[in-house]
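Positions are given from 1 along the sequence. Since the structure is predicted, the reported quantities are computational estimates derived from the model, not experimental observations.
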Amino acid sequence: MEGINIGDDWKTPQKPATTTLSERLGLEEFTSLETWRASFAEFLGMATSCFAMDTMVVGTLETDPQTGPLLMSILAVVIISIMLIATYPVSGGHLNPAISFCAALMGYITASRAVIYIFSQCVGAILGALAFKVVVSREIGSTYTLGGCSLTTLVESPNGPTYMGIGTGSGLWLEILSMFMVLFAAGSIGFIRGPALENGPVFRYSIIGIMVGLAVYVTATVTQVKGYPGAGLNAARCFGPAVVMGGHLWDDHWVYWVGPLIASLAFFLYTKIVPSQHFYGKAD
């Protein structure tokens, strides 16, 4: 996660390289072949992870709806960790608009690179959703809306089909709190360096995957509301199925963008409030 790492030498804290407005904007990145090559990794990583996540969501719910949230969270840990580790050497392993946005806020990447990454992530998610639509039956794809993100789900009732789920306010708060939890854990591991945390990107990204899986499980179970599958935690992954499937996936879709972006801003403010020595202090 390029926007959260501070480098391999924990004894020598690194500050963000971008300081001036021009450097933060980095408009030259739009014509940089290196940047577009890195974004191609984000594109492929997002396409692959979106296809895998959508398959996982539909497969678990179709097989065993009762234990679906638990199985989804476990598989999410595996999928997300592997995809982040795979893309880390090329792009820094973002695969999430909130991560790219947070990295730009903190000055670890330019605003232009963040825009390019987010664009690539969204296009990749569309490709992943299209690939999933091709291999899944129309009936299952329609029933589970290609594994997309929604606050409500269409279910059968004695009075006919009806939407069940949670309200917009609750969904927004769950996205904010869940994403902040992930950023807080990932950011702390990235900033606080010591002998116990010198295991490299595999260790760090495994922790991120665990936090995302935990957030999925908690949000899906704590609400105890039928029709709500849990927090999206990735606006691009939610965007892909919404473009391909359409329909009610666009209802309150903004929640999956605004919530994580607010969480990213909150984490950025947190890093400004807490004295830097708390982030860069040597572990005993």
Would you say [Y] ends up clustered with [X] if hydrophobic residues are merged whenever their side chains have heavy atoms under 4.5 Å apart, either directly or through other cluster members?
X: Leu27; Y: Val115; result: yes
X: Phe40; Y: Met83; result: no
X: Val243; Y: Phe51; result: yes
X: Leu127; Y: Val135; result: no
X: Phe268; Y: Ile208; result: yes

Keeping the roles fixed (side chain from Tyr117, backbone from Ser91), state whether a donor-acceptor pair exists under 3.5 Å.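 Here the side-chain-to-backbone pair exists.
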
Short side-chain to backbone donor-acceptor contact, Ser100 and Pro97, under 3.5 Å: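 Looks like no, no N/O pair under 3.5 Å.
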
Run through Val123, Thr48, Thr87 and flag the one making a side-chain contact (heavy atoms from CB on, under 4.5 Å) with Phe43.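 Result for side-chain contact (heavy atoms from CB on, under 4.5 Å) with Phe43: Val123.
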
Derivation and outcome, side-chain contact (heavy atoms from CB on, under 4.5 Å), residues Leu249 and Tyr256: CA-CA 11 Å; Leu249 289 181; Tyr256 298 103; over 6 Å; no

If I compare all heavy atoms of [X] with all of [Y], which pair ends up nearest, and what's the gap?
X: Cys238; Y: Gly232; answer: SG-CA, 4.0 Å
X: Ile126; Y: Phe239; answer: CD1-CE2, 3.7 Å
X: Ile116; Y: Ser39; answer: CG2-CB, 3.5 Å
X: Ala98; Y: Asn96; answer: N-OD1, 3.0 Å
X: Phe184; Y: Phe267; answer: CA-CE1, 3.9 Å
X: Ser73; Y: Gly213; answer: CB-O, 3.0 Å

Val134 vs Phe132 side-chain heavy atoms within contact, under 4.5 Å: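 The answer is no; the side chains never approach within 4.5 Å.
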
Got a sec, which pairs hit side-chain hydrogen bond (donor to acceptor under 3.5 Å, both in side chains) with one end in residues 234-243, sequence neighbours left out?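 Every pair satisfying side-chain hydrogen bond (donor to acceptor under 3.5 Å, both in side chains) with a residue in residues 234-243: Asp54-Arg237.
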
Measure the spacing between [atom1] of [X] and [atom2] of [Y] and express it to the nearest 0.5 Å.
X: Leu44; Y: Ser49; atom1: CG; atom2: OG; value: 10.5 Å
X: Leu84; Y: Ile99; atom1: CG; atom2: CD1; value: 8.5 Å
X: Trp173; Y: Ile166; atom1: CH2; atom2: CD1; value: 13.5 Å
X: Met56; Y: Ile74; atom1: CE; atom2: CD1; value: 10.5 Å
X: His248; Y: His253; atom1: NE2; atom2: NE2; value: 12.5 Å
X: Ile118; Y: Glu42; atom1: CD1; atom2: CD; value: 10.0 Å

With sequence neighbours excluded, give me every salt bridge (Lys or Arg N to Asp or Glu O under 4.0 Å) pair touching residues 83-94.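 Passing the test, one end in residues 83-94: no pairs.
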
Could you give me the CA-CA distance, side-chain angles and deciding distance for Leu105 and Leu265, then say whether side-chain contact (heavy atoms from CB on, under 4.5 Å) is met? CA-CA 8 Å; Leu105 282 177; Leu265 181 60; 4.2 Å; yes

Taking it one step at a time, do Thr110 and Arg24 satisfy side-chain contact (heavy atoms from CB on, under 4.5 Å)? CA-CA 5 Å; Thr110 65; Arg24 282 189 171 273; over 6 Å; no

Any chance the side chains of Glu29 and Ser112 put a donor and an acceptor closer than 3.5 Å?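 Side chains of Glu29 and Ser112: no pair found under 3.5 Å.
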
